[in-house]
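Single-structure report; data block below.
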Amino acid sequence: MKTTLSTAAHPDPVAVELQRPDPDDPTNLVAVIDGEAHEIDLAATGPTSGLIRLNNRISRYVTHREGDRILVWLDGQSYTFNVVDTAPKRSGAAAAGASGNLINAPMPGTILKILVDAGDSVQAHQPLIIMESMKMEMTLSAPADAVINDIHCTEGQLVERDATLVTLDRTE
Amino acid sequence: MFKKVLIANRGEIAVRVAQTLREMGIAVVAVYSAPDAAAPHVAIADEAHPLPGETAAETYLRADHIIEIAKESGADAIHPGYGFLSENAEFAAACGRNNITFIGPTPEVITAMGDKITAKKTMDDANVPTVPGWSGDPNAKIDVVQAEADRIGYPLLCKAAAGGGGKGMRLVENAKDLEASWEAAAREAGSAFGDARVFLEKYIEKPRHVEFQIFGDSHGNVVHLFERECSIQRRYQKIIEETPSPALDEDLRNRMGESAVAAGKALGYTNAGTVEFILAPDGQYYFLEVNTRLQVEHPVTEMTTHQDLVRAQVLVAAGEQLPFSQDDLKQTGHAIECRIYAEDPANNFVPATGRIHMYQPPQGTNIRTDSGVAAGSEITVYYDPMVAKLLAWAPTREQAIARMTYALDNFVILGPTTNIPYLRRILNHPEFVAGNTHTHFLADHAIDAAPTSPPPAAYIAAAVCKSTASTPTSAASHTINTESPWHTVGPWRVA
């Protein structure tokens, strides 16, 4: 069975295939990663955990699957893999929002102060919003000279991580 | 002795306190917010009562609800843990008015030490060294503040009088930043503590944070249980603590211990407390503050002194003598604590939320995990993102670092991102290994927080997981009965 996986640290999809070349020996396993074959041994220590022996190096793993996300703990490090849909990629849509014209909440928290109004001209690094998260204050500033397009929050509001707080139009 | 004690807290500290209470044969009453209904601190209790709501303010900070539950359940005493109501003098006093013993110092001492300005004056009078500064004046014009700042000299700190944990604190490098920092500190103090008073203090460069555990009883005994070094901090939050401090020799330890006991005696201190000092590179030490509660990092003291501090708290609160004298107390070996946070070091330490799917603390001799979560727990935005404290003890510091490294490498948490790899990198940084720690360690030494690229074995594990989960087949179908674990083939499907 072939699986195509990507991670944040390694976004290019990697194809992984587990093979049993000898039908009479279920313990004879080969993993093909990105076209390269590795002879491996596997031992289950639980329903979602086990040992992998690869080039005589033994790794302990624990996994959890959640839809298209597979969480892997291996030798003290955790990795999140996305099972890549091999269907053709949608074009265009994902690019919007990455232009830096949105001020998003970097973490969940409460809006303490809104320092600008829609229509205001602001300079790069000018503070726009003061928010509080985990009892620490944080100032969100303009990424560049810009005009405030709209304010999407109110003082005292509880916001989620990545909620859009301010939209702006760059003037530089 | 108490028959029943209510624990007014959640998370790992509520679990840890409950363990000792149950050992002592005391029934445990838990309280819990809506998101905590299935939390481990509820599961370990003898009875549990809901606190309506979700936020801390609606739940664990509701002194009135908690006292009501204590009365209804017939609890003799309340253990406040740390944080929440633990340093709230009005809560301690309200317990007393309702004939419930508050397991902690008296409301008077909490009030005196909760006000950093009063605390400093008390220590000056007791000949405990304090940092040069100005006690502040909320009505002072900015030019008065400026003049006092010039007298102390830069760099300096603006600190909240009611503060703690770095909240309401600002470092000021030069005069032009003073006004903005003074106002920001006051605003943050006002919102965090409901008290906007701020004072100024000389800033000691490259200081170590060295604190002494003290303990007093109602019979006039005050002892110290040696130091804890908590210099590894990020944004004023401790993340790695250890004892003994690599910076203290026997002479300095004795002198600082005597100062800590003098501070406790000046206050008529009862129960557990911590006298925090900053230690300058020249060996001068200065009083910082007294924390009138059990500290997060108390287990390193327990591991090196072989005492149960919660048990001592309960005994003293019940009016008994301290279960140890100064001469009974000896430091043996070395203990390190790492605070495990659900946060993403690679993404500016943003708190990570969500469900913990797998949770397997490391096992081994002299490894201790104080956990506030279990598999299935949900990490929410409502409370502190610390999920557990991991502790390791060994005869020497070098061995303790090695044991902690092993423990971190074997701590399985799947779900929210944690700081475990980051802690491991700090612990094995050459300057940490050499004992050259100070409170700006993490700012001065760039610790790599980037996630590592998965090795081939991680891809294989993911592929195995996918084939297993998508085609549940009987494990037995591929099992060959031999002694070798390598022949115990799991339920995955290939080809």
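Chain naming here is simple, since letters A, B, ... match the order of the sequence lines and numbering starts at 1 in each. Every heavy atom of this structure was used, including side-chain atoms; hydrogens, water molecules and symmetry mates were not.
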Closest contact, heavy atoms only, [X] versus [Y]:
{"X": "A:Ile52", "Y": "B:Ala461", "value": "CD1-N, 3.7 Å"}
{"X": "B:Val381", "Y": "A:Pro108", "value": "CG1-CG, 3.2 Å"}
{"X": "B:Ala462", "Y": "A:Leu5", "value": "CB-CD1, 3.7 Å"}
{"X": "A:Phe81", "Y": "B:Pro454", "value": "CZ-CB, 3.7 Å"}
{"X": "A:Ile70", "Y": "B:Cys465", "value": "CG2-SG, 3.8 Å"}
{"X": "A:Glu132", "Y": "B:Ser191", "value": "OE2-OG, 3.3 Å"}

Margin query: side-chain contact (heavy atoms from CB on, under 4.5 Å), that's the test. Do B:Val464 and A:Thr63 meet it? Break it down for me.
Written below: CA-CA 9 Å; B:Val464 169; A:Thr63 57; over 6 Å; no

Which bit of [X] is near chain B, if near means a heavy-atom gap under 4.5 Å: side chain, backbone, both or neither?
{"X": "A:Arg60", "answer": "side chain"}
{"X": "A:Glu160", "answer": "neither"}
{"X": "A:Leu158", "answer": "neither"}

Item checked: Residue selection (most heavy-atom pairs with chain B, distance under 4.5 Å) from A:Val62, A:Val16, A:Ile33, A:Leu54 -> A:Val62

Margin query: Main chain of B:Asn410, side chain of A:Trp73: is a donor-acceptor contact present, judged purely on distance under 3.5 Å?
Written below: no

Would you compute the distance between atom [atom1] of [X] and atom [atom2] of [Y] and round it to the nearest 0.5 angstrom?
{"X": "B:Ile356", "Y": "A:His64", "atom1": "CD1", "atom2": "NE2", "result": "12.0 Å"}
{"X": "A:Gln77", "Y": "B:Thr452", "atom1": "CD", "atom2": "OG1", "result": "3.5 Å"}
{"X": "A:Leu71", "Y": "B:His357", "atom1": "CG", "atom2": "NE2", "result": "5.5 Å"}

Would you mind checking which part of [X] comes under 4.5 Å of any heavy atom in chain A, side chain (CB onward), backbone (N, CA, C, O), both or neither?
{"X": "B:Tyr382", "value": "neither"}
{"X": "B:Tyr459", "value": "both"}
{"X": "B:Arg187", "value": "both"}

A quick test of your reading: do over 12 heavy atoms of other residues, nucleotides or ligands sit less than 6.0 Å from [atom1] of [X]?
{"X": "B:Tyr406", "atom1": "OH", "answer": "no"}
{"X": "A:Glu155", "atom1": "CD", "answer": "yes"}
{"X": "A:Gln126", "atom1": "CD", "answer": "yes"}

Next item on the list: Decide yes or no on side-chain contact (heavy atoms from CB on, under 4.5 Å) for B:Ser467 and A:Leu18, but give the supporting numbers first.
Entry: CA-CA 9 Å; B:Ser467 53; A:Leu18 298 177; 4.3 Å; yes

Note to self: Any heavy-atom pair between the side chains of A:Ile40 and B:Ile460 that's under 4.5 Å?
What the structure shows: yes

Item checked: Heavy-atom side-chain contact between A:Ser78 and B:Thr418 under 4.5 Å -> no

Check: What residues of residues 109-119 of chain A sit under 4.5 Å from chain B when only non-hydrogen atoms are counted?
Finding: A:Lys113

Check: With respect to chain A, which residue among B:Pro455, B:Pro451, B:Ala450 yields the maximal number of heavy-atom pairs within a distance under 4.5 Å?
Finding: B:Pro455

